[in-house]
Amino acid sequence: MRYLYSVYFDAARIALQSILAHKLRAFLTLIGIIIGVAAVVVVGASVSGLNTYVTDRVAKLLGANHFMIARMAFSGHMSDEEFERRNRRNKRLNWDDYEWVRDHCVSCAEVGVELGTQVDLKQEGIEFPGAIVFGVTSNMADIEDKTIAEGRFVSPDEVQRSALVVVLGGDIKDRFFPNTDAIGKTLKVRGLPMRVVGIEEKRGAFFGDSLDRHIYIPATTHLQIFGRNGLQIHGKAPTRENFQPAIEDARLTMRNRHRLKGNEEDDFGLVNVEELNNQIDQFTGTIAAVVVPITLITLIVGGIVVMNIMLVSVTERTFEIGLRKAVGATRKQVLMQFLIESGMLCAFGGVIGLLAAYGVVKLITALAGITMTITVGYILLALIVSTVIGMIAGIYPAFKAARLDPIIAQTKTP
């Protein structure tokens with residue numbers, strides 16, 4: 001054991017001395033490895049950051065432990081034929097469906113309604129095209145985890161009596177009531193004056209679509225103004241552990257409402273946040289599977305440069321190799337020395353590449369405001385791959401050094 005420790009320790013010490021003896025050459029050799037490792041880590045951070053960004057936006061848009069039942073709700077890709085088939089089969093949901101699910105879904109913490117319609121707002125010469133008017137029940141703020149910055153959300157009493165009240169998104173508040181308190185003021189929707197009772201906290205954009213262009217009115221008021229097209233039933237589980245049981249309970253409740261038999265498929269669509277998050281993971285995973293191998297090509301190019309420099313090193317140290325073999329060093333020991341030197345060289349490059357990647361990620365995050373997350377998986381991938389490439393790149397030079405004849409090698413000029 002001590003013998004093996006001594007052999008490997010001496011080989012590592014000699015390798016380190018050789019690297020430090022030619023610092024500039026070693027650094028120039030490692031530029032390819034440094035760039036490759038930095039590229040892998042930065043790309044990985046970008047993919048992980050994209051995943052985090054989209055997941056957070058989905059959580060802000062839909063809330064946690066949240067599911068939705070609608071006439072045509074689905075996640076993922078659907079063929080045109082399947083869409084047409086469902087469109088003919090699925091029933092339009094109505095207020096009675098909502099009340100049935102609300103009263104019979106015992107596993108659901110909350111059940112609410114939401115309807116959406118795009119309108120152009122205009123008041124006193126100020127226009128806001130493409131606003132989304134949502135008709136909601138009072139508990140949709142809890143279901144979708146909304147945060148009200150000023151005032152309050154729609155109340156149960158206002159839903160019951162179809163009151164003309166409205167909660168504004170941040171962009172709409174800034175357009176119609178800039179630099180002033182909007183609570184208590186009036187905003188016209190389809191010509192009807194609605195009293196502002198609350199302002200939603202700004203939520204930013206989701207893939208270029210602002211979430212602050214929304215306004216919320218009582219669902220019953222929305223039904224009277226815009227009709228019952230697009231009614232959606234939203235539910236929320238009390239905890240993450242009860243999420244799947246709550247979804248299944250709501251699904252069975254809706255099937256009972258529509259009198260579906262056991263072998264009949266659902267005539268409604270159901271989407272939950274977990275399915276969307278899984279789709280996001282698959283999407284970002286596909287991106288990583290395509291992009292990361294491309295960046296690894298840089299590491300391979302860096303490995304070729306390392307192999308070239310190691311061949312030069314073997315040529316320069318022919319006398320040293322011959323002397324070591326003359327005093328008893330075996331081929332295996334010489335081979336191991338150069339493999340360790342090559343692997344150590346690339347490991348140093350990997351560490352420097354990690355530091356460079358950390359700096360780039362921090363710089364991009366500070367300047368562009370883009371969320372980027374350096375994960376342990378990509379760090380290990382970059383370090384392991386760079387070290388392995390270094391070892392592979394050193395195989396031929398090391399093998400060449402190990403095969404040198406000690407008598408011929410000692411005749412070379414040191």
How long is the straight-line distance from [atom2] of [Y] back to [atom1] of [X], given to the nearest 0.5 Å?
X      : Y      : atom1 : atom2 : value
Lys91  : Arg257 : NZ    : CZ    : 9.0 Å
Asn94  : Ile233 : CG    : CD1   : 8.0 Å
Asp212 : Leu168 : CG    : CG    : 11.5 Å
Phe134 : His214 : CZ    : NE2   : 4.5 Å
Met254 : His104 : CE    : NE2   : 12.0 Å

With sequence neighbours excluded, tell me which residues meet side chain to side chain donor-acceptor pair (under 3.5 Å) with [X].
X      : result
Glu265 : Arg85, Arg89
Arg152 : Glu158
Asp181 : none
Asp174 : Lys202

| said: Less than 6.0 angstrom from the centroid, inside 45 degrees of the normal: does Arg102 satisfy that with respect to the ring of Tyr98? | reply: yes
Which heavy atom in [X] sits nearest to a heavy atom in [Y], and how many Å separate them?
X      : Y      : result
Val196 : Phe177 : CG2-CE1, 4.2 Å
Met194 : Thr221 : CE-CG2, 3.9 Å
Ile199 : Val167 : N-CG1, 4.2 Å
Ala131 : Ile172 : CB-CD1, 3.9 Å
Ser138 : Phe153 : O-CD2, 3.6 Å
Val133 : Ile217 : CG1-CD1, 3.8 Å

Could you list the residues that satisfy salt bridge (Lys or Arg N to Asp or Glu O under 4.0 Å) with [X], not counting sequence neighbours?
X      : result
Arg213 : none
Glu241 : none
Glu248 : Arg251
Arg190 : none

Hey, are the side chains of [X] and [Y] touching, using non-hydrogen atoms and a 4.5 Å cut-off?
X      : Y      : result
Pro218 : Val136 : no
Phe176 : Leu121 : yes
Gln232 : His234 : yes

| Pair Thr239-Asn242, side-chain donor/acceptor within less than 3.5 Å |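 Result is yes, a qualifying pair exists.
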Hey, is the main chain of [Y] close enough, under 3.5 Å, to the side chain of [X] for a donor-acceptor pair?
X      : Y      : answer
Glu200 : Tyr216 : no
Asp97  : Leu93  : no
Trp100 : Thr253 : yes
Arg203 : Lys146 : no

| said: Strictly by salt bridge (charged side-chain N to carboxylate O under 4.0 Å, His left out), give each pair with a member in residues 115-143 just once, sequence neighbours left out. | reply: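 Checked against salt bridge (charged side-chain N to carboxylate O under 4.0 Å, His left out) - neighbours excluded - the pairs reaching residues 115-143 are Lys122-Glu127.
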| What's the verdict on side-chain contact (heavy atoms from CB on, under 4.5 Å) for Val361 and Thr365, showing C-alpha distance, side-chain angles and the deciding distance? | CA-CA 6 Å; Val361 166; Thr365 302; 4.1 Å; yes
List, one per line, each side-chain donor-acceptor pair under 3.5 Å for residues 105-117, sequence neighbours excluded.
residue, atom, partner, partner atom, Å
Ser107, OG, Asp249, OD2, 3.1
Glu110, OE1, Asn139, ND2, 3.1
Thr117, OG1, His222, NE2, 3.1

Which donor-acceptor pairs under 3.5 Å do the side chains of residues 33-41 make with protein atoms, sequence neighbours left out?
none

| said: Heavy-atom count check: over 12 atoms from other residues, nucleotides or ligands less than 6.0 Å from Tyr358 OH? | reply: no
| request: Considering only NZ, NE, NH1 and NH2 on the basic side and carboxylate oxygens on the acidic side, decide whether Arg71 and Asp267 come within less than 4.0 Å. | output: no
| request: Could you pull out all residues at least two apart from His258 that satisfy ring pair (Phe, Tyr, Trp, His ring centres under 6.0 Å)? | output: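 Listed in chain order: nothing, the list is empty.
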| So Phe243 and Phe67, would you call those rings parallel, tilted or perpendicular, with 30° and 60° as cut-offs? |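 Because their plane-to-plane angle lies in the 30° to 60° range, the rings of Phe243 and Phe67 count as tilted.
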